[in-house]
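None of these values were measured; they are calculated from a predicted model.
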Amino acid sequence: MVPVDGQGTELERPASLRTLMRFLVWMIQTDPRRAIASLSLQFTAGLLPAASVWIMRSMLDRSLDVYKGSLPVTAVLVWVALWAAILLVGTGIQTWSRTILGERLKQEMEDRLLGQLQHKARRLRLELFERADLHDVLRRAQEAATPGFFLNLLGEIHTIITGTLTAISVAVVVGLWNPILLVAIVLVSLPPPLVRMVQGKRAFRLKREQTQRERLRGYLERILTERGAAKEVRVFNLGPILLEWWVYLYWQVADRLFGQRRAQYAVDGALSAFSLMGLVAGIGWSAWAVANGGLSAGQFAAMMVALREVRRGVDGVVGRFGYLANRLLNIADLFIYLDLGPEEAAEGEPVGRLDETPISVSGLSFCYPQTETSAIEGISFTIQPGDRVALVGANGSGKTTLVKLLLGLFQPTAGKVFYGALDLTRASRDELWDQAAAVFQDYTRFAFSLGENIGFGRTGRMGEPEEIARAARQGGADSIAEKLPEGYGTLLTREFSGGTELSGGEWQRVAISRGFMRNAALVVLDEPTASLDPQAEADVFRRFLTMAGGRTTVVVSHRLGSARLCDRILVLEEGRLIENGTHDELLARAGAYAHMWALQAQWYGDEGDAQ
């Protein structure tokens with residue numbers, strides 16, 4: 001596993017040959033029977049042209065003897081039958097390996113790859129997804145999962161295998177007839193694939209340099225075409241400037257690609273001319289050898305076929321080599337991504353019952369990847385079982401980061417989080433998350449039914465309508481279900497027919513209900529009520545705290561009237577814990593919390609209304 005530090009380690013790409021060998025091993029592991037059968041058939045197909053050339057020479061020489069009357073016709077028919085059998089076997093091999101075996105093997109490989117990508121995304125530590133270069137590698141790795149990628153790649157590998165074996169085996173046959181011609185064939189055949197390999201690497205490096213520009217261009221395309229941004233694009237007349245940016249990025253990429261391809265086509269033309277001259281020289285030499293008795297007429301005719309087969313094999317290899325080299329670099333990025341670390345620990349020590357376990361934070365600090373400023377620094381406090389704690393502070397003060405550290409989603413850069421006496425870094429994350437429920441401010445709007453959106457909070461009970469209805473009542477989504485045409489079965493998206501869309505406040509109630517679906521000992525609300533009006537937010541918090549009962553509860557909120565409902569309030573400022581106490585204690589200190597309370601109280605009329 002390749003560890004990635006927080007400041008931008010450059011990921012090393014393995015050599016193409018090593019990548020090819022690893023890919024072949026991975027392919028064989030995916031479907032051993034079909035993969036080995038496919039490769040074996042390609043090796044066989046690559047040797048058949050050499051056998052065909054050898055048989056043709058014998059067939060033509062005996063045909064001349066039949067013409068002279070020194071041999072019966074039956075002596076030729078045997079060689080004709082062998083020659084036809086080889087052609088038939090070659091056609092059958094290509095059809096079987098590239099259609100039946102290749103298509104199924106491609107499906108198996110795509111299924112395995114998608115599964116590995118999804119598994120890796122689940123296992124990688126969450127803070128790695130804060131790195132921009134990780135998304136670049138992931139984008140290139142995902143290209144290997146696009147429909148047709150593996151089918152085309154297998155086709156290129158098959159073509160190169162058969163083309164290489166054909167060129168080598170036919171060249172060996174020619175060398176047995178005349179070693180000088182073998183040397184000429186080698187000199188003509190070797191340069192093109194070597195040049196194509198260099199071209200492929202240059203093309204991929206150029207494409208890799210353009211990854212961020214292409215991602216930005218794709219983002220602009222989504223803004224210009226997707227429903228979510230359509231209102232603001234029109235109201236603020238953003239279309240012209242966004243389109244101008246898109247065109248600028250398009251031509252930045254297109255101009256560099258055009259220059260690279262123009263140079264590539266010029267080299268390809270020169271290589272084709274070089275190969276053609278070699279072919280003409282081979283034919284001329286063969287004709288001279290026949291005139292001087294160095295080759296028989298059958299060998300001369302077979303030599304013409306041999307030169308054609310060698311040229312076709314080399315052209316096939318050369319034509320596919322650049323494509324294969326480019327695709328192998330994509331495969332290399334795929335393996336780089338699959339090898340990345342660190343991952344979430346597969347196992348850990350049991351955390352015990354969270355309703356009986358205090359949570360202690362000691363000197364906790366965290367710095368996001370590829371940044372130098374700490375998001376939180378030197379924080380220490382303790383949450384006793386059953387405590388209801390509010391985190392308050394300005395935007396960017398570190399509240400959400402602290403919540404993610406408490407839940408084990410992020411790994412601290414310094415300090416510790418303890419559940420009882422157990423360091424969270426040694427704890428079983430799955431056991432912790434099974435006893436916790438969280439509703440984040442950037443909750444997900446799943447394009448599924450209302451019931452499924454709520455049921456995802458506890459997938460094991462998604463099939464229990466009474467549980468979904470209970471969670472909806474506690475989170476305030478029951479009134480939404482009553483208005484929808486199919487109740488909890490209504491699809492919550494307009495991307496598919498028959499669906500509907502909810503308002504921002506309604507979606508927040510759905511997200512909160514999803515959290516209530518889980519009867520958890522530790523409950524976290526990370527500002528999920530920001531789009532609700534103050535009265536609706538107060539109602540949600542009261543229901544939430546009533547439902548929480550004696551559970552340990554952590555609430556993040558900008559509205560201090562809601563925070564006042566908690567037992568204790570932690571005030572964060574620029575990543576540091578500056579105040580810790582009850583509402584009344586913090587007001588009495590006349591510090592940062594009291595100042596924020598006074599500011600917010602002005603909006604509500606008086607302190608009583610602020611509740």
Side-chain angles (χ1 to χ4, degrees), residues 39-67 70-71 75-94 97 157-194 271-272 274-321:
L39 292 174
S40 300
L41 289 175
Q42 293 308 312
F43 274 97
T44 303
L47 298 174
L48 289 178
S52 176
V53 168
W54 188 273
I55 292 171
M56 179 177 289
R57 188 212 66 170
S58 299
M59 180 178 65
L60 293 175
D61 282 340
R62 281 159 179 75
S63 296
L64 289 175
D65 291 337
V66 169
Y67 177 76
S70 59
L71 282 178
V76 178
L77 294 179
V78 173
W79 292 99
V80 171
L82 285 174
W83 180 70
I86 286 178
L87 293 180
L88 184 62
V89 170
T91 302
I93 286 176
Q94 295 300 325
S97 65
I157 290 176
H158 290 166
T159 298
I160 289 176
I161 290 175
T162 55
T164 302
L165 288 176
T166 294
I168 293 174
S169 59
V170 171
V172 169
V173 170
V174 171
L176 293 175
W177 295 338
N178 193 297
I180 296 177
L181 191 56
L182 172 61
V183 174
I185 289 174
V186 171
L187 291 177
V188 171
S189 303
L190 275 182
L194 297 178
L271 290 175
S272 297
F274 181 69
S275 297
L276 182 60
M277 287 189 294
L279 178 63
V280 171
I283 294 174
W285 183 90
S286 299
W288 178 85
V290 171
N292 289 274
L295 291 175
S296 68
Q299 286 177 321
F300 175 76
M303 188 75 74
M304 298 301 98
V305 176
L307 290 173
R308 186 196 67 186
E309 291 292 341
V310 170
R311 177 176 171 78
R312 186 168 65 180
V314 170
D315 285 348
V317 172
V318 170
R320 304 304 195 276
F321 214 94

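Nearest approach of V80 to M59, heavy atoms of both residues: CG2-SD, 3.4 Å. Counting all heavy atoms, side chain and backbone alike, I55 lies closest to W79 at CG2-O, 3.6 Å.
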Donor-acceptor contacts, no H, no angles, side chain residues 163-174, under 3.5 Å, sequence neighbours left out:
{"unit_1": "T164", "atom_1": "OG1", "unit_2": "I160", "atom_2": "O", "d": "2.7"}
{"unit_1": "T166", "atom_1": "OG1", "unit_2": "G46", "atom_2": "O", "d": "3.1"}
{"unit_1": "T166", "atom_1": "OG1", "unit_2": "T162", "atom_2": "O", "d": "2.7"}
{"unit_1": "S169", "atom_1": "OG", "unit_2": "L165", "atom_2": "O", "d": "2.6"}
{"unit_1": "S169", "atom_1": "OG", "unit_2": "T166", "atom_2": "O", "d": "3.3"}

Expected list for residues 84-92: side-chain donor-acceptor pairs under 3.5 angstrom, two or more places apart:
{"unit_1": "T91", "atom_1": "OG1", "unit_2": "L87", "atom_2": "O", "d": "3.0"}

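The closest side-chain heavy-atom distance from L39 to I161 is below 4.5 Å.
Residues satisfying the side chain to side chain donor-acceptor pair (under 3.5 Å) criterion with W83, sequence neighbours excluded, are S52.
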